[in-house]
Student: 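Okay, here's the structure, questions in a sec.
Here, residue 1 is the first one in the sequence, and each next residue gets the next number.
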Amino acid sequence: MTAQLSAARTAHQPVEQQAPAPLRLTRRGRLLLIGAPIMFGGAALLTFVGFFTAPALAAGGGGDLTRTQQVSVSTGDTLWGLAAEYAPEQDPRTVVADIMELNNLSDAVVPAGAQLYIPVAG
């Protein structure tokens with residue numbers, strides 16, 4: 001009976017809990033814990049810097065300025081003829097290309113009465 005009584009006492013006694021083992025990070029865990037915030041912080045910093053410097057770089061491009069003259073196209077005028085008239089010392093092919101670029105033209109056909117910007121010599 002004493003064996004049963006002692007077994008009953010031990011069955012009802014609380015079990016001692018062991019202290020949890022300390023957290024141990026593996027090499028991959030340390031890399032993730034340290035590397036990910038550094039990577040995201042660097043990306044955020046580059047985005048922040050790019051946001052403020054991109055407009056300044058775009059505005060400071062300092063492209064060549066082209067002197068232009070606005071011309072009304074008459075019946076029978078061609079881009080080649082306008083190029084030869086307003087920039088005689090330049091190659092007409094490049095002047096025609098410049099006229100098309102300045103005026104956002106998709107082809108060389110221009111209706112009479114249209115207003116065009118023509119690059120002029122000088």
Side-chain angles (χ1 to χ4, degrees):
M1 179 120 177
T2 47
Q4 290 177 347
L5 188 57
S6 68
R9 284 185 192 164
T10 57
H12 294 291
Q13 290 179 350
V15 177
E16 292 183 29
Q17 295 184 358
Q18 296 178 357
L23 180 64
R24 297 184 62 162
L25 288 176
T26 62
R27 181 181 223 183
R28 187 183 310 166
R30 280 190 298 267
L31 180 64
L32 184 66
L33 187 65
I34 295 169
I38 289 174
M39 215 168 49
F40 288 126
L45 180 65
L46 286 174
T47 302
F48 182 75
V49 168
F51 180 73
F52 288 108
T53 59
L57 291 176
D64 296 333
L65 295 177
T66 303
R67 289 185 48 222
T68 60
Q69 181 174 353
Q70 190 171 7
V71 175
S72 179
V73 178
S74 301
T75 305
D77 282 346
T78 62
L79 293 181
W80 190 273
L82 293 171
E85 180 181 344
Y86 289 96
E89 68 282 342
Q90 295 181 10
D91 184 10
R93 291 174 291 205
T94 59
V95 177
V96 168
D98 290 343
I99 292 170
M100 291 180 71
E101 183 180 349
L102 283 170
N103 296 285
N104 295 325
L105 300 175
S106 58
D107 58 11
V109 178
V110 182
Q115 298 290 320
L116 294 180
Y117 290 102
I118 309 290
V120 294

Student: Which atom names give the shortest non-hydrogen contact between Tyr86 and Ile118, and what distance separates them?
Tutor: CB-CG2, 3.7 Å
Student: Can you name the closest pair of heavy atoms from Pro92 and Ala83 and give their distance?
Tutor: O-CB, 4.0 Å
Student: List the atom of Ala112, the atom of Ser74, and the distance in Å for their closest heavy-atom pair.
Tutor: CB-C, 4.1 Å
Student: Hey, quick one: are Phe48 and Phe51 part of the same hydrophobic cluster, counting side-chain heavy atoms closer than 4.5 Å, chains of contacts allowed?
Tutor: yes
Student: Measuring only between side-chain heavy atoms, which start at C-beta, is Leu25 closer than 4.5 Å to Leu32?
Tutor: no
Student: Using modelled atom types and a 3.5 Å cut-off, is there a donor and acceptor pairing between side-chain atoms of Thr78 and backbone atoms of Gly81?
Tutor: yes
Student: Identify the two heavy atoms, one from Ser72 and one from Asp77, that lie closest to each other, and give their separation to 0.1 Å.
Tutor: O-OD2, 4.4 Å
Student: Just how far is it from atom CG of Leu79 to atom CG of Asp107, taken to the nearest 0.5 Å?
Tutor: 9.0 Å
Student: Val110 versus Ile99: any side-chain heavy-atom pair under 4.5 Å?
Tutor: no
Student: Of all the heavy-atom pairs spanning Tyr117 and Thr68, show the shortest one and how long it is.
Tutor: CD2-OG1, 4.0 Å
Student: Going from CD1 on Ile38 to CG on Leu31, what distance comes out if it is rounded to the nearest 0.5 angstrom?
Tutor: 9.5 Å
Student: Does atom CD (Glu85) have a neighbourhood of more than 12 heavy atoms from anything else shown, all under 6.0 Å?
Tutor: yes
Student: What's the spacing between Met100 CE and Leu102 CG if we round to 0.5 Å?
Tutor: 11.5 Å
Student: Which atoms form the tightest heavy-atom contact between Pro119 and Ala87, and what is the distance?
Tutor: O-CB, 4.1 Å
Student: Do the non-hydrogen side-chain atoms of Val73 and Pro111 ever get within less than 4.5 Å of each other?
Tutor: no
